[in-house]
Structures are given as structure tokens and as C-alpha cells.
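Below is one structure, written out as C-alpha cells; comments come after it.
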2 protein chains.
Amino acid sequence: MTIKEIAKRANVSLGTVDRVIHDRGKVSKETKEKILRILKEVDYKPNFYARGLVLNKSYVITALVPDFDAGEYWEMPSRGIKQAAKDLNQFGIKVVFFYFDQNDSESFIRKVQEVLELKPDGVILTPVINFEAVKLCARLRTMAIPFSIIDSNIQNSGSISFIGQDAIQSGRLAAKLLSTSTGGKGKILILSIKNNENHNKTLQKRSEGFKDFLSQSDSLQDIKIVELNVDQRESNWKECLEDILVGQNPDGIYVPSSKVHFVAEVLMKRKLKIKLVGNDLIDNNLDFIAAGIIDYIIDQRPETQGYLAVENFYKYLVTKQRVENDYYLPLDIITKENYMYYRSQ
Amino acid sequence: MTIKEIAKRANVSLGTVDRVIHDRGKVSKETKEKILRILKEVDYKPNFYARGLVLNKSYVITALVPDFDAGEYWEMPSRGIKQAAKDLNQFGIKVVFFYFDQNDSESFIRKVQEVLELKPDGVILTPVINFEAVKLCARLRTMAIPFSIIDSNIQNSGSISFIGQDAIQSGRLAAKLLSTSTGGKGKILILSIKNNENHNKTLQKRSEGFKDFLSQSDSLQDIKIVELNVDQRESNWKECLEDILVGQNPDGIYVPSSKVHFVAEVLMKRKLKIKLVGNDLIDNNLDFIAAGIIDYIIDQRPETQGYLAVENFYKYLVTKQRVENDYYLPLDIITKENYMYYRSQ
DNA sequence: TTGTATGCGTTATCAT
DNA sequence: ATGATAACGCATACAA
């Protein structure tokens with residue numbers, strides 16, 4: 001059903017119908033009501049193609065994400081964002097990337113400046129440098145630029161959506177898998193590998209969930225937990241790591257981040273048979289999952305997170321649909337027997 | 001870059017450019033080459049909206065799937081297909097469902113007749129009634145109607161794509177999870193619940209993969225496997241099931257289908273603590289996963305399968321993109337700690 | 001308050 | 001072999 005046909009039905013011109021549809025006023029009450037009635041009756045849906053053609057708008061979305069080396073975690077959201085940019089290009093969606101150094105607040109602040117100068121139609125941001133990210137949210141609100149947050153959330157940020165993970169539940173899940181693997185007993189090591197003070201919120205929540213799970217289960221009271229950190233800013237951190245693993249010799253290890261491959265490396269080299277659970281099916285972890293050195297990876301689809309963030313803007317800006325506020329992605333359990341079907345979804 | 005602009009560059013009218021783009025001939029060799037060169041130079045991409053508007057085509061896709069009661073497996077693919085039909089409606093994609101009784105070949109044959117009479121632009125089919133499905137593929141090929149297969153595959157069918165699961169690997173994965181849960185030892189029961197002779201190909205492959213995994217692992221040679229069937233066509237099959245479970249009293253049970261909830265029911269009722277692994281996060285299994293009665297569910301995203309099948313036709317028919325031939329979906333591992341994020345993806 | 005005309009980019013048809 | 005033009009449905013500027 002087209003506007004023209006509706007106009008004919010209502011005995012008015014299509015201009016009048018259009019004014020009613022867009023609520024531009026200048027229509028008498030009676031005709032407005034009549035047209036509204038017909039519109040509802042025929043369940044009028046504007047022709048997507050005609051609408052897109054005449055509007056011919058394009059939208060610039062900026063993606064403010066940490067830079068990365070190949071194989072690292074932040075490559076994944078970037079991939080998803082790029083793929084979505086490609087798929088949605090025909091609808092006028094353009095994505096401009098701004099990469100910052102996650103260990104350097106100043107670099108984030110500089111990139112924020114560049115983003116704001118661009119006056120984009122939407123911003124995708126990652127709250128890795130939390131304090132500055134919160135400030136950015138406030139500025140975007142006053143500038144009336146819609147934004148969405150991926151990875152981890154900022155409460156009451158005013159974003160159109162959050163797309164990410166439930167980090168606490170991720171930790172609980174890890175605890176379930178690891179404790180099952182060690183037969184519900186033994187010594188378990190929670191090993192955090194950090195390289196700055198900024199983005200350990202997620203690590204912290206995962207550890208919390210992990211411990212919570214073990215403490216709440218009556219049958220797992222025999223498990224002994226040891227919590228240790230390794231700081232990548234120390235020059236000898238790799239030796240530290242090795243010393244810890246050999247010295248502690250636990251039955252299971254949980255690394256609440258994508259850096260589990262560093263541990264896997266040591267286990268392989270030293271031929272240590274220790275159950276190992278970590279996060280994120282990044283390239284660096286892939287071989288260790290395939291070899292069974294890492295027993296389980298918990299993955300929250302970072303690629304999909306990036307993709308959905310862009311797609312959400314498409315829905316929000318182009319099709320004017322409402323978008324979900326909070327979008328928690330599934331916590332995928334990945335192991336030697338199913339990892340091969342998890343790449344490039 | 002529009003056709004008009006390209007025409008100006010080439011000093012011809014836009015009609016000529018159009019003839020070159022669509023290779024309709026009636027263009028001199030020199031001008032054709034010149035235009036082709038410019039087209040490549042500017043990387044011309046037709047405006048999606050204008051194209052859609054002027055073509056104004058609509059496509060009818062038929063979905064030939066088994067009927068179901070609420071909460072059963074086949075509800076999932078149907079849901080995905082419906083969702084895709086809704087999302088892609090604006091692009092002229094219309095889906096017509098034909099539900100058949102999976103225990104009655106005749107009903108399938110009747111529905112096939114109806115499908116063919118409709119002369120659809122595409123067919124989505126499920127090879128549950130394998131023999132008849134193979135015949136249908138042949139007829140669709142001669143009628144030049146593109147079709148795609150979901151769930152389980154038919155070799156060399158000539159489909160534009162297959163979207164489904166790797167059933168053997170699914171069985172292997174189940175074996176890994178269940179054997180880990182029983183501590184790598186004990187008695188394990190493979191329990192198939194059937195109600196016809198048609199669709200046990202998937203069950204068979206899963207069982208095969210399951211046994212294969214156990215036999216190939218040196219450390220799992222202590223595990224004793226018992227294989228049993230329950231036939232739902234017997235009036236007293238529920239009692240049979242109960243007798244088996246109580247009589248065998250195994251350490252772990254693998255039900256290679258979505259019907260694992262029937263076993264879970266008995267375990268709950270009889271308060272039996274037996275490790276249980278099955279397939280498909282259908283509504284009927286949901287409460288048992290939440291309660292921890294079912295330890296692991298392996299799910300191959302049946303909803304996504306349906307969605308992708310329709311989306312593939314959109315790509316194939318509307319945007320004329322190439323589509324993937326074989327599309328194996330990830331084997332998701334679902335358990336008490338992560339099931340809540342797997343519904344309505 | 002209402003109606004009309006123009007254009008968006010592509011396709012397809014009709015003249016030349 | 002080439003060019004001109006109408007049509008798709010919608011949005012909008014402008015005329016009445």
C-alpha cells in the first residue's frame with residue numbers, strides 16, 4: 001500500500017497524507033483523523049527502498065577501541081565492526097576507527113578530541129580507560145550524539161545500548177568447568193596477568209564469580225584456592241610466571257583473561273599436566289585449544305559484539321527502530337572438540 | 001558514483017552505460033571498453049535503494065519443515081525462519097510454511113505437491129524423510145528452483161547451501177563432557193529415544209562420534225558403554241525407560257537427541273544422581289538445565305539455522321551475492337551456569 | 001489548509 | 001548504436 005493509494009482512499013492529495021504521516025501539522029482535524037484511521041487500517045509501512053533513495057543519507061559512526069597486535073583480544077571486536085561496516089555500507093553506514101593505547105590515558109583523551117571534532121552520528125566506545133570513558137559519555141550526552149558501549153558496561157551512561165558480557169557469571173562458569181575437570185578437589189590457582197591498572201574490572205569480576213561459585217557449593221569445599229598476579233611491566237615477568245607454575249604445581253589454573261596462552265606456553269614447554277581454563281578464542285589461544293593444553297575457553301563473542309554495535313546504529317539511525325538497552329552475549333564454552341566451528345561466525 | 005556521472009565522464013548517455021553494465025549489447029566495442037574501464041576505475045556499485053525501488057520484486061520462499069508441539073525441537077528452526085521472514089519482509093522476501101508429519105511419508109509427499117504447485121522462488125527443506133527429500137531435490141533441480149537444506153545434509157543434492165551441524169563431532173563433544181563429569185571412569189549409557197525409523201541418521205552419527213571418542217582415548221578405556229533404545233510407539237515406553245534407568249543405574253547417560261528431558265524427568269522423580277548429557281536447548285529441556293538435572297546440553301543453534309537459510313535466499317535472490325555452500329554451526333555447550341544467555345539470540 | 005511538482009538512481013522502453 | 005524518457009514510492013519545496 002503506497003501513499004498515493006491511501007490518498008485516493010481518503011480523497012485527498014498525497015501531500016496531505018505525507019503531512020499526517022510525519023506529523024508536520026497544517027492538516028484539519030477531521031482529515032487527519034480520517035487518514036490516521038486508514039493508515040492504521042491498512043497497516044501502512046513505508047517502502048524501504050523509496051525512503052532510502054529519497055533520503056540518501058549517510059551516517060558516520062566512530063569506533064573508539066584499543067589498538068592491538070595481531071592475535072590479541074581487541075582484534076576481535078574490531079573485526080566485527082569492520083565486517084558490519086562492509087555489510088551495512090550500502091545503507092549509508094560509514095565507520096571511522098580511532099585506536100588508542102590502552103596503557104596511556106593521554107592517547108585516549110587525544111582520540112576523544114578527534115572523535116568530537118568529527119561530529120559523528122554515532123559513537124561506539126569501550127570503557128577500558130574507565131574514568132575518561134565516563135567523562136566522554138557525559139560530553140556525548142550534552143552534544144546529543146548517540147553512543148553505545150561494548151565489552152564492559154558503564155552504569156547510567158545514557159548509551160543507546162550496552163553490548164557485552166556478564167563477567168561474574170563468566171567466572172562462575174569457569175569455576176564449574178575447572179572444578180569438574182579436577183574431579184571436584186585439589187588445588188586451584190587463579191592467575192591474573194596484568195599490564196596496567198586500568199582494565200582489571202573485568203578480571204576482578206571474573207575472579208569474584210569464580211570464587212563465589214566454589215564457596216557456594218558444598219561438594220567443593222575441599223578445593224584449595226590460591227590467587228596470584230603476574231605484572232607484565234616487570235622485565236622478568238615470564239620467568240616469574242614459570243616459577244609460579246612450577247613452584248605451586250596446582251591441579252587446575254584459571255586465567256581470567258585472554259592471556260591464558262602465556263600460561264599454556266609454559267605448560268607445554270615444561271610438559272606440565274595441569275587443567276587450564278581461560279577466556280577468549282583469540283588467535284593466540286587457538287593452537288593451545290587445538291592441542292588440548294587449554295582445556296576450556298570461555299568466550300563472549302567479541303566479534304559479534306562489534307558487529308551488533310554497528311548494526312544497532314543502523315537500526316537506530318536508518319530504520320528508526322528501537323534497540324535493546326542491554327545485550328548480554330552468550331558465554332560460549334570452547335574446547336578441543338568444538339573450537340573449529342567457532343571461527344568466523 | 002552514479003550512472004549519470006559515469007555517463008558524463010565517458011561522454012555518452014546514461015542509457016549506454018546501463019547497456020554496458022547489464023551487458024545487453026548494442027554498444028560499439030570502443031565505447032564499451034571505455035565505459036568498462038571507468039566503471040572499474042571508480043569501482044561502481046549500484047545504489048541499493050534505487051535498484052530495489054525500480055525492480056520492486058518480491059520472492060516467495062517455501063519452508064518445508066516437520067510440524068511440532070510447543071517446546072519441541074522443530075519449533076526452533078521455525079522460529080528462526082519466522083524471524084528472518086519478518087526482518088527481510090521489507091526486501092520483498094515472503095515465506096510460506098508447509099508443515100508435514102515426520103512420521104508419515106504420505107503427508108510429506110502431499111506437502112511437496114503443494115510446494116511445487118506454488119512455483120516458489122526458493123525452497124527450504126529438512127531431510128527428515130530422507131528418501132522422499134532426495135527425490136524432491138531432483139525435481140527442484142529440473143525445475144530450476146533453488147533450494148537449501150537445513151539440519152542434516154543430503155550429499156550432492158545440488159542445493160545452494162546446507163546449513164546444519166556436524167553430528168559426529170557433536171557426539172564426540174558429548175563424550176568428552178560426560179567422561180570428564182564421571183571422572184574418566186564408570187558405566188555410561190547411550191540411550192536413544194525414537195518414535196519412527198526415519199530420522200535416526202543424526203542419532204546414529206552422534207552415537208558413533210560418542211563411542212569413537214571414548215575408544216580413541218587411552219585414559220578412558222575403563223569406561224563401560226551400554227547402548228539401549230526406547231521406542232515411543234510402545235504404549236508402555238515410559239515405564240520401560242524408568243526400568244532401564246533404575247535397573248542399569250549407570251554413572252552417566254548420553255541421550256543423543258532433544259528428548260533428554262524424558263530421562264531428566266525420571267532422574268528428578270527418582271532422585272537419581274546420574275550425570276546426564278543431551279542435545280538442544282528446547283523449552284522442554286530448559287527447566288532441567290536450570291535445575292542442574294541435565295549437566296550439559298549440546299546445541300547447534302537450530303533457530304539460527306532457520307534464520308540463515310532465509311537470509312541466504314535474500315543474499316542469493318535480492319543482492320545476487322554468492323552464498324556459502326556448507327555452513328556448519330558451532331556446537332554450543334550449555335549448562336546451568338550459562339543457559340540464561342542462550343535464549344533468543 | 002491543501003494540492004502539485006520535482007528529484008533521488010536505476011531500469012527498461014521507445015525513438016532516433 | 002545511441003540518446004531520451006517514464007516509472008518505481010517517498011520527501012519536500014512551493015504554489016494555490
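Throughout, protein chains are lettered first and strands after them, A, B, ... in sequence-line order, and every chain is numbered starting at 1. No experiment lies behind these values; they were computed from the predicted model shown.
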Rounding to an integer number of Å, can you tell me how far [X] [atom1] sits from [N] [atom2]?
X     : N      : atom1 : atom2 : value
A:K45 : D:dG9  : NZ    : C1'   : 16 Å
B:L53 : D:dA11 : CG    : C1'   : 13 Å
A:I6  : D:dG9  : CD1   : P     : 12 Å
A:N56 : D:dT12 : CG    : P     : 13 Å
A:F91 : C:dC8  : CZ    : P     : 22 Å
B:N47 : C:dG7  : CG    : P     : 18 Å
B:R24 : C:dT10 : CZ    : C1'   : 10 Å
B:M1  : C:dC8  : CE    : C1'   : 17 Å

Using a cut-off of 4.0 Å on non-hydrogen atoms, how would the nucleic acid contact of [X] be classed: base, sugar-phosphate, or nothing?
X     : answer
B:V54 : base
B:L14 : base
A:F48 : nothing
A:I3  : sugar-phosphate
B:D18 : base

**Request:** When you get a sec, tell me which of D:dA1, D:dC10, C:dC8 is the closest nucleotide to the side chain of B:K26?
**Result:** D:dA1

**Message:** Starting the side chain at C-beta, find the nucleotide from D:dC8, C:dT10, C:dG3 nearest to B:P46.
**Reply:** C:dT10

**Asked** Taking B:V17 as the fixed residue, which of B:T2, B:V27, B:V12 is the one that meets the side chain to side chain contact (heavy atoms under 4.5 Å, CB included) rule?
**Response** B:V12

Contact under 4.0 Å: [X] side-chain N or O vs [N] OP1/OP2:
X     : N      : answer
A:T16 : C:dG3  : yes
A:T31 : C:dT2  : yes
A:T2  : D:dC8  : no
B:Y44 : C:dT10 : yes

**Prompt:** Hey, does A:P120 have a side-chain heavy atom less than 4.5 Å from the side chain of A:I61?
**Reply:** no

**Item:** B:R51 (side chain) and C:dT11 (base): donor-acceptor pair under 3.5 Å
**Value:** no

**Message:** Ignoring hydrogens and geometry beyond distance, is the side chain of A:R19 in donor-acceptor contact with the base of C:dT2 at under 3.5 Å?
**Reply:** yes

**Prompt:** Is B:D87 salt-bridged to A:K315, going by a charged N under 4.0 Å from an acidic O?
**Reply:** no

**Item:** Charged N-O contact under 4.0 Å between B:R24 and B:D18
**Value:** yes

**Parallel, tilted or perpendicular: ring planes of A:Y341 versus B:Y328, cut at 30 and 60 degrees** = tilted

**Message:** On DNA chain D, compare the nucleotides closest to B:L55 and B:G25; which residue's is nearer the 5' end?
**Reply:** B:G25

**Under 3.5 Å donor-acceptor, B:D299 side chain and B:R301 backbone** = yes

